[in-house]
Amino acid sequence: MIKQFAGLLTVILFVLVGCKEQSGSGRRNIGKTVKDSVATPPPTASLRPPYNILIENSGSMNGYVAMESDFKTSVLSLITDLKSKDITDVVNIYYINNQLCPQQVNSQPSDIQYFFRNLNPASFKASGCGTSSSFIPEIIQKAISTHTDDVNILISDFIFSDSQGASPKYLDAAQNTLELYLSHELKQRDFSTIILKLNSQFNGVYYVESQRPLTVNLSDKGIRRPYYIMVFGKQQALGDFLSKIHFADYKGFENSYYLLTPEGARPKAKVIRNNKIGDFEIEQPSSKLVINNAQAGGRNADPDVFQFSVAADLGMVKMDKSFLDDRANYEVPENYTIVSIARNTDETNESLKGYTHVFTVKTSDLKQKQDVAIKLKSKLPAWVGASSTINDTNPLDSIQQGQTFGFSYLVSGISEAYSNRYNGQEQFSIMIKVSKNNYVTERKSYGAIWWIILGFLVLVVIIIWIKNKK
């Protein structure tokens with residue numbers, strides 16, 4: 001009986017200790033996991049792959065190159081930055097359509113200048129790549145699957161066109177096709193995708209895809225039309241590119257969308273009292289991200305509103321400023337909203353030194369105890385839908401001038417592939433523990449309950465053992 005009692009007691013202790021480890025603070029993992037990393041190692045020579053510039057050369061692209069334009073200026077500026085900012089040693093320029101057609105391989109400054117002096121509809125036609133039509137999903141697939149160790153930059157108007165005729169009938173199929181292409185490639189290897197929207201002067205024929213074979217001559221109309229740049233490459237290889245390139249510097253830049261390999265990093269952050277509504281105590285040090293004795297309301301405020309701010313250093317996040325500053329790209333618990341994301345530009349504020357952003361969040365449903373996570377997700381941004389249309393019959397219309405036929409179908413196909421591959425993962429997360437009482441005390445009290453249960457179980461076992469002995 002004593003052996004049975006000892007065995008039962010051992011099992012109870014093993015179970016309770018295991019539960020305690022799972023429900024504890026997680027201190028045993030600090031500094032030991034990849035997700036807790038807050039910095040990307042500096043790129044080395046081995047991480048400097050060639051950059052391939054792939055310019056789609058179908059007939060619908062003629063209007064961007066028929067004259068001096070912001071299209072030419074921005075593409076040349078991008079190539080110049082790749083070389084002058086020491087991002088890569090090798091830049092290769094291709095036309096892309098039915099196939100990849102090399103134009104300047106390992107291009108030198110004189111080669112680049114020559115290429116742009118001769119970038120026009122005639123050079124498109126003479127390339128041998130095919131210019132009559134373009135099936136965009138296949139062009140994107142070529143850009144992703146060719147030279148997979150390089151960084152490939154695809155430039156196109158991304159107007160979906162199908163050689164079979166009525167293009168609107170094939171948009172769903174195009175989205176599914178692209179999702180299949182991307183899903184297949186992502187299973188083979190991890191790579192990131194960046195999608196940029198720019199606009200430029202357009203002087204040429206516009207092909208009305210919703211009413212093929214209708215065309216509209218936009219020459220000398222003072223029209224600007226959108227075009228897009230897609231960047232494909234391994235996340236580690238893109239480090240230098242993302243830290244040194246500022247997309248907003250390019251003429252005609254409008255928006256960006258990042259589909260990066262999730263890193264799950266936890267940036268340096270701390271709770272601050274800026275913009276607070278209600279009252280609370282910050283457990284010290286403030287970098288522990290624990291708020292105690294939280295109370296909603298206060299003077300001149302809705303009695304149900306609770307609001308606080310967190311300062312964070314996002315210097316390790318290699319993304320365009322406009323993307324990081326957009327509240328729509330973040331996820332918080334359902335009962336919270338992000339009020340603002342402000343950049344720290346006050347160099348005289350010592351308390352914010354070393355922090356790049358201030359997040360302010362609020363709730364009208366303050367819980368007794370809650371983990372409030374601010375996560376940067378690769379969500380499909382609103383500008384993608386606003387940039388897309390299935391009715392392009394009036395390209396002179398001011399709204400349609402900023403839209404691209406079928407664009408959202410293509411981007412949705414790419415986005416879905418990433419969602420399937422990296423379901424639920426985020427670029428970074430800031431976790432704040434909020435309690436109406438004392439978060440740490442509650443946690444300790446929770447742990448004490450297990451010891452009470454343990455003592456009770458031991459007492460029961462002893463009583464049973466004594467009775468059986470009698």
Side-chain angles (χ1 to χ4, degrees), residues 43 45 47-58 60-97 99-131 134 139 142-144 146-158 194-204 227-233 237-253 256 320:
L47 299 179
R48 290 164 57 90
Y51 274 65
N52 302 310
I53 309 298
L54 315 174
I55 302 176
E56 195 247 315
N57 69 322
S58 66
S60 65
M61 291 288 291
N62 285 341
Y64 298 103
V65 299
M67 56 185 289
E68 293 305 312
S69 64
D70 288 346
F71 174 90
K72 288 185 178 182
T73 300
S74 294
V75 176
L76 177 57
S77 296
L78 174 59
I79 294 175
T80 300
D81 283 345
L82 292 175
K83 300 285 279 188
S84 65
K85 294 183 178 181
D86 201 29
I87 294 170
T88 184
D89 298 316
V90 178
V91 173
N92 303 312
I93 304 175
Y94 297 83
Y95 287 149
I96 183 172
N97 205 299
Q99 57 186 318
L100 266 70
C101 300
Q103 301 301 302
Q104 297 291 344
V105 177
N106 194 12
S107 56
Q108 302 305 306
S110 58
D111 301 325
I112 296 170
Q113 290 179 1
Y114 175 83
F115 173 79
F116 277 92
R117 280 199 304 267
N118 295 277
L119 179 58
N120 53 49
S123 67
F124 275 1
K125 189 173 183 179
S127 67
C129 286
T131 61
S134 55
I139 288 176
K142 287 187 183 78
I144 293 170
T146 303
H147 306 303
T148 55
D149 290 328
D150 299 355
V151 175
N152 296 323
I153 300 179
L154 175 60
I155 304 168
S156 170
D157 59 6
F158 288 97
I194 305 167
I195 303 173
L196 311 174
K197 180 183 180 182
L198 301 92
N199 66 75
S200 173
Q201 299 89 345
F202 185 91
N203 198 54
Y227 69 98
Y228 305 87
I229 298 177
M230 292 189 183
V231 183
F232 307 102
L238 286 172
D240 234 12
F241 177 80
L242 292 171
S243 63
K244 294 179 179 179
I245 295 291
H246 305 290
F247 301 126
D249 293 342
Y250 300 134
K251 288 187 176 181
F253 172 78
S256 57
D320 190 68

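- For the pair Ile194 and Leu242, the minimum side-chain heavy-atom distance is below 4.5 Å.
- Atoms CG and CD1, on Leu154 and Ile144 in that order, are 9.0 Å from each other to the nearest 0.5 Å.
- Contact of the Phe116 side chain with the Val75 side chain is registered, since non-hydrogen atoms from C-beta on lie closer than 4.5 Å.
- Ring orientation note: the planes of Phe202 and Tyr64 are nearly perpendicular, at an angle over 60° on the 30°/60° scale.
- The two residues Ile87 and Asp240 come nearest to each other via the heavy atoms CA-OD2, 4.2 Å.
- Within the 3.5 Å criterion, the main-chain N or O of Ser200 finds no donor-acceptor partner in the side chain of Asp70.
- Asn152 places a side-chain N or O within 3.5 Å of a backbone atom of Thr146 that can act as its donor or acceptor partner.
- With a 4.5 Å cut-off on side-chain heavy atoms, Ile155 and Phe71 count as touching.
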#### Entry: Verdict with supporting geometry, Tyr95 and Leu119, side-chain contact (heavy atoms from CB on, under 4.5 Å)
CA-CA 11 Å; Tyr95 287 149; Leu119 179 58; 3.4 Å; yes
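- Between Leu196 and Ser256, the shortest heavy-atom distance links the atoms CD2-CB, 3.6 Å.
- In plain terms, the two heavy atoms of Ser60 and Asp157 that are nearest each other are OG-OD2, 2.7 Å.
- Here the shortest heavy-atom pairing between Ala248 and Phe253 reads CA-CD2, 3.5 Å.
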### Query
Going through the distances and angles, do Glu56 and Ser58 end up as a side-chain hydrogen bond (donor to acceptor under 3.5 Å, both in side chains)?
CA-CA 6 Å; Glu56 195 247 315; Ser58 66; 2.4 Å; yes
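- Here the closest heavy-atom approach between residue Ile96 and residue Asn57 is recorded as O-OD1, 3.2 Å.
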Show me, pair by pair, the donor-acceptor contacts under 3.5 angstrom made by side chains of residues 100-107, not counting sequence neighbours?
unit_1, atom_1, unit_2, atom_2, d
Gln103, NE2, Cys101, O, 3.2
Ser107, OG, Val91, O, 2.8

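- Taking the six-membered ring where tryptophan is involved, the planes of Phe158 and Tyr228 are perpendicular, since the angle between them exceeds 60° and thus also 30°.
- Here the side chains of Ile53 and Leu82 are in contact, with some heavy-atom distance below 4.5 Å.
- Judged by distance alone, the side chain of Thr88 and the main-chain N or O of Arg48 form no donor-acceptor pair under 3.5 Å.
- Annotation for Met230 and Ile195: closest pair CG-CG1, 4.1 Å, computed over non-hydrogen atoms.
- Residues Lys142 and Tyr94 have side chains not in contact (no heavy-atom distance under 4.5 Å, counting atoms from C-beta outward).
- Counting only distance, with no hydrogens or angles, the side chain of Ser69 and the backbone of Val65 share no donor-acceptor pair below 3.5 Å.
- In this structure, Ser74 contributes its side chain and Tyr250 its backbone to no donor-acceptor pair below 3.5 Å.
- Interatomic distance, Ile139 CD1 to Leu54 CG, rounded to the nearest 0.5 Å: 10.0 Å.
- Residue Lys251 qualifies as open at atom NZ: its count of foreign heavy atoms under 6.0 Å is 12 or below.
- In this structure, OH on Tyr51 lies 13.0 Å from CG on Asn92, to the nearest 0.5 angstrom.
- For the pair Asp81 and Phe241, the minimum side-chain heavy-atom distance is 4.5 Å or more.
- Using a 4.5 Å heavy-atom cutoff, the side chains of Phe115 and Ile79 are not in contact.
- To the nearest 0.5 angstrom, Asn120 atom CG is 10.0 Å from Glu68 atom CD.
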